[in-house]
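Here's the structure we're looking at; comments come further down.
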Amino acid sequence: MTSFTFEGRTIEAEDGETVLSALLRGGHEISNGCQAGACQACLLRSGDSVPRAAQNGLDDTLIERGIFLSCQAKASDIQSAERLDNEVFPRFAAKLVDKQWVTDDVIIASLKVDGWQGSPGRFIRLHSSDGVSRPYSLAAPAWMEPEFVQLHIRYIPGGAMSESLKSATVGNAFEIEGPFGKCCYRTTDQQEPILLIGSGTGLAPLYGIVTDALRKGHEGPISLHFGAATSSRLYFQLELKKLTDQHPNFQFHTYADSEVLENDRVGSPLDGALKEHAKLDGYKVYLCGHPNLVKAGQRKCFLAGASLKDIFADAFVAA
Ligand SMILES: Cc1cc2nc3c(=O)[nH]c(=O)nc-3n(C[C@H](O)[C@H](O)[C@H](O)COP(=O)(O)OP(=O)(O)OC[C@H]3O[C@@H](n4cnc5c(N)ncnc54)[C@H](O)[C@@H]3O)c2cc1C
């Protein structure tokens, strides 16, 4: 047994138990989602030291404030914890202003968010009026008005947020909270190569990052490799083609596993990207979408020479 203090109370925890698990077992209401360190729903703060492994993927400003992922911290590794004040991640009122199905399972939702200030590539927590909340990445192109966000949402039949969005109509109210994560254009050297790899709606943050980089005048090569199960599930190709026409330093390749059309490559975007970019020293690498692709990508890109601090990833782990 071990124990820590939570907002003035002593919490007993089993050996090896996480902070989140001990708190939930004790009947404390702690928001949480994937419990795999990806969605950042369970953030808490500690005034004492916090293991770095419980801060993976957090922005430096959060790390400095002792904020950590309670699903990743072992109870035995912390002395105290408390919930975050509302001002750390404020909530903004949002209104659905446009909704388009771009394939039979991808909805592009645009929302007007009063007081919002961009952040293409990072993710927010979308709250529906019926109390469901889920993380979604910001696809919003950098030239969109700052008070608008655009999300690419894969519709999962029966999924709580999927069904909320399916039935939502223009004018419906939502809230967004955030932004979270580190996936955004953060290059200081405008010549450095950028490699982006994703699957499914993992295109959302990658598109946000590419447009932000191009708008900020990035001059180095930017290469996007993006895949889906079948060619019919690949979307946004016209938008991407438009970018290649306007920016010679940007190129993209599309991949599908089956029912592959002429312009797409067969197989995985990760393998395709690494075939073309065998040595990744000096690259910034972004990986988004299916958790297996992201996990394999982090390992393979590191082995190909990318520095760990230059690999940014958001795995779309389900709640
Ligand atoms: C950091 C982060 C960023 C994300 N960004 C995006 C994004 O930009 N676009 C996007 O579409 N999603 C994104 N996701 C996933 C998203 O948060 C939800 O998990 C997803 O939309 C399903 O929510 P739901 O409420 O519709 O389904 P739920 O009610 O959560 O799930 C219903 C059922 O479907 C299963 N399920 C959930 N997801 C999948 C899946 N992908 N494939 C198969 N079965 C599934 C669940 O296990 C459950 O059994 C992101 C996740 C994370 C952690």
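Indexing begins at 1, ligand by ligand and atom by atom, following the structure's order.
For atom 45 (C) of ligand 1, the nearest protein heavy atom lies under 4.0 Å away. Atom 17 (O) of ligand 1 is approached by the protein to below 4.0 angstrom, counting heavy atoms only. By the definition of a contact as any protein heavy atom under 4.0 Å away, atom 3 (C) of ligand 1 is in contact.
A heavy-atom separation below 4.0 Å is found between Ile156 and ligand 1.
Here atom 41 (N) of ligand 1 lies nearest to Arg154 when heavy atoms of His290, Glu163, Arg154 are compared. Scanning Tyr136, Phe123, Phe316 for the heavy atom closest to atom 20 (C) of ligand 1 points to Tyr136. Around atom 27 (O) of ligand 1, the closest heavy atom drawn from Gly159, Gly37, Cys288 belongs to Gly159.
Between Tyr235 and His152, a ring centre-to-centre spacing shorter than 6.0 Å is recorded.
Atoms of ligand 1 found under 4.0 Å from any heavy atom of Ala318 (numbered from 1 in listed order, with element): 19 (O), 37 (C), 38 (N). Counting atoms of ligand 1 from 1 in the listed order, those under 4.0 Å from a heavy atom of Val317 are 51 (C), 53 (C).
A donor atom on one side chain and an acceptor atom on the other are found under 3.5 Å apart for Glu219 and Gln191. Side chains of Tyr155 and Glu163: a donor-acceptor N/O pair is present below 3.5 angstrom, by distance only.
Proximity of His152 to ligand 1, defined as any heavy-atom pair under 4.0 Å, is confined to the backbone N, CA, C and O atoms. When non-hydrogen atoms are compared, ligand 1 lies under 4.0 Å from neither the backbone nor the side chain of Pro205.
Between Asp314 and Lys182 there is no salt bridge, since none of the side-chain N atoms of the basic residue sits less than 4.0 Å from a carboxylate O of the acidic one. Salt-bridge check for Arg186 with Asp59: passed, with a basic side-chain N closer than 4.0 Å to an acidic carboxylate O. Ion pairing between Arg134 and Glu177 fails under the 4.0 Å rule for side-chain N and carboxylate O. Taking a cutoff of 4.0 Å between a charged side-chain nitrogen and a carboxylate oxygen, Glu7 and Arg83 qualify as a salt bridge.
Ligand 1 has no N or O atom lying under 3.5 Å from any N or O atom of Ala38, backbone or side chain. Residue Ala160 has at least one nitrogen or oxygen atom sitting less than 3.5 Å from a nitrogen or oxygen atom of ligand 1, judged on distance alone.
When the options Phe123, Tyr185, Tyr286 are evaluated for a ring-ring contact (aromatic ring centres under 6.0 Å, His included) with Phe312, the one that passes is Tyr286.
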